[in-house]
Visitor: 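Here it is, the structure in full.
Letters A, B, ... are given to chains in the order of the sequence lines, protein chains preceding strands, and every chain is numbered from 1.
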Protein chains: 2
Amino acid sequence: MEEKRLPRKEREFLRHRQEILETALELFSEKGFHNVSMQEIAQKAEFAVGTMYKFFENKEDLYKALVMEQSDKFHSALTESIEASDDEIEKLQNYVRAKGEVFAANVQMIRLYFAETRGASFNVRAGLDPEIRKRYGRFLETLAAVFANGMKKKRFKKIADPYHLAVALDSLCNAFLFLWLETPDQHPYPEDPDVILNILFKGLVDP
Amino acid sequence: MEEKRLPRKEREFLRHRQEILETALELFSEKGFHNVSMQEIAQKAEFAVGTMYKFFENKEDLYKALVMEQSDKFHSALTESIEASDDEIEKLQNYVRAKGEVFAANVQMIRLYFAETRGASFNVRAGLDPEIRKRYGRFLETLAAVFANGMKKKRFKKIADPYHLAVALDSLCNAFLFLWLETPDQHPYPEDPDVILNILFKGLVDP
DNA sequence: TCAAAATATGACATGTAATTCATAAAGTCA
DNA sequence: TGACTTTATGAATTACATGTCATATTTTGA
């Protein structure tokens with residue numbers, strides 16, 4: 001929208017920057033930070049090596065920008081999905097569905113996402129982690145609030161700490177995404193969010 | 001036990017190998033594969049660089065040996081915990097408890113474990129993944145069997161596919177371990193396994 | 001059209017890390 | 001002890017990646 005307002009030069013600059021980021025996403029998600037060289041990104045994006053440094057200070061800066069961009073897209077989609085309804089159960093259903101959709105639409109992101117949220121982030125020395133963690137933490141709070149509200153309204157039983165439930169649901173979705181990533185035909189991400197949610201909703205041993 | 005039977009030379013060789021592996025674990029778990037040099041490992045383990053290559057073909061081989069050793073220790077401990085009882089609920093409780101204990105006893109392992117099971121394994125080019133995946137897959141089957149048996153005996157309700165439940169419980173434990181790793185005081189791994197298990201056992205919305 | 005300004009290029013300087021191997025050191029045993 | 005075998009060493013080799021910068025190319029606007 002406002003991109004149109006920017007002078008042509010700037011728009012072009014941003015488009016080029018974006019092209020580099022897209023190329024970098026492909027490569028990093030496939031091979032990991034250390035197994036991709038600036039050469040390689042430059043070549044694939046059809047720029048010269050030196051040109052890359054007009055857009056990003058260095059390799060790490062490029063990587064950081066990429067992860068930030070993706071994590072933004074990701075978290076805002078999920079947050080919206082939760083806010084799209086007033087009903088707690090619907091919120092959770094929307095969330096589970098959205099998580100599947102966002103990932104399905106951008107499979108490359110998954111690898112990067114798992115690499116960043118799970119341990120691998122020590123590939124990059126600099127302080128990328130803290131920023132990602134903060135966003136993730138904020139998001140979990142939002143999700144926890146849904147459980148807390150549901151309990152207040154007596155829609156949910158107090159079977160566990162709301163924050164723990166948020167962590168649980170999130171990790172549950174991740175686990176299903178992971179299965180799907182490994183064996184897409186055998187273990188597709190469930191169409192029906194209740195396949196996942198029932199694990200929380202229904203008691204395994206309770207009457 | 002049988003180590004005593006081996007000639008002194010061989011025992012010494014194995015001990016040295018072990019020392020290198022221990023040093024490598026410390027370094028890799030802290031900094032990741034690419035940010036640790038053979039120099040560094042050699043120095044810390046008090047060997048010469050060249051000596052490392054008497055024990056391992058190359059850096060990747062060393063890493064692979066390390067991950068395999070750890071993953072063995074890990075999976076056998078968990079499998080035993082499940083087999084230590086005949087009661088399905090106790091099996092699950094033992095498992096949740098064991099997972100916490102194994103990790104607590106060897107925090108360094110966690111990082112390596114998460115790095116390997118979640119996405120980061122593209123740090124290493126070679127086919128490490130498949131082997132790890134196979135073990136992990138076998139373990140999940142064992143866990144799934146517990147749920148399946150519980151259902152057969154009517155101890156568990158059929159709220160979801162047993163394999164899905166296995167994945168769910170495992171990911172749930174991982175999530176708690178992760179919380180603990182980040183903020184040990186705020187989110188300790190629960191002493192009582194039911195804190196985790198109740199999320200499965202008790203229904204959130206069911207009567 | 002053309003020269004000045006802006007931008008892009010990629011060969012190169014620099015650094016670092018994996019792996020090798022000629023040599024030194026340690027161990028063996030008659 | 002001393003000749004011979006085995007093992008350990010670390011300097012040197014090789015390879016490759018980051019980031020720079022003098023130069024070439026493109027754009028601008030008079």
Visitor: Starting from P on C:dA17, measure out to CG on B:L62 and report it in whole angstrom.
Guide: 16 Å
Visitor: Of all residues at least two apart in sequence or in a different chain, which pass the ring pair (Phe, Tyr, Trp, His ring centres under 6.0 Å) check with B:F47?
Guide: B:H16
Visitor: Would you kindly give the CD-to-C1' distance between B:E60 and C:dA17, to the nearest whole Å?
Guide: 15 Å
Visitor: Once salt bridge (Lys or Arg N to Asp or Glu O under 4.0 Å) is applied, what residue pairs with a partner in residues 42-58 of chain B remain, sequence neighbours excluded?
Guide: B:E26-B:K44
Visitor: Can we call the ring centroids of A:F139 and A:Y95 under 6.0 Å apart?
Guide: yes
Visitor: How close or far is atom C1' of C:dT16 from atom NZ of A:K59, stated in whole angstroms?
Guide: 14 Å
Visitor: Between D:dT27 atom C1' and A:R11 atom CZ, what is the distance in whole Å?
Guide: 16 Å
Visitor: Any chance the side chains of B:E69 and B:Q18 put a donor and an acceptor closer than 3.5 Å?
Guide: yes
Visitor: Provide, to the nearest angstrom, the distance between the CE atom belonging to B:M38 and the P atom belonging to C:dA18.
Guide: 7 Å
Visitor: For every nucleotide of nucleotides 4-12 of chain D, 5' to 3': is a protein heavy atom under 4.0 Å from its base (B), only from its sugar-phosphate (S), or from neither (-)?
Guide: ----BBB--
Visitor: Between P on D:dC16 and NE2 on B:H34, what's the gap in Å once rounded to a whole number?
Guide: 15 Å
Visitor: Without decimals, in angstroms, what is the distance between A:I41 CD1 and D:dG19 C1'?
Guide: 13 Å
Visitor: For the residue pair A:K91 / A:N149, report whether a side-chain donor-acceptor contact shorter than 3.5 Å exists.
Guide: no
Visitor: Could you state the atom-to-atom distance from CG of A:L27 to P of D:dA17 in whole Å?
Guide: 13 Å
Visitor: Cation-pi between A:K59 and A:F33: NZ/CZ under 6.0 Å from ring centre and within 45° of the ring axis?
Guide: yes
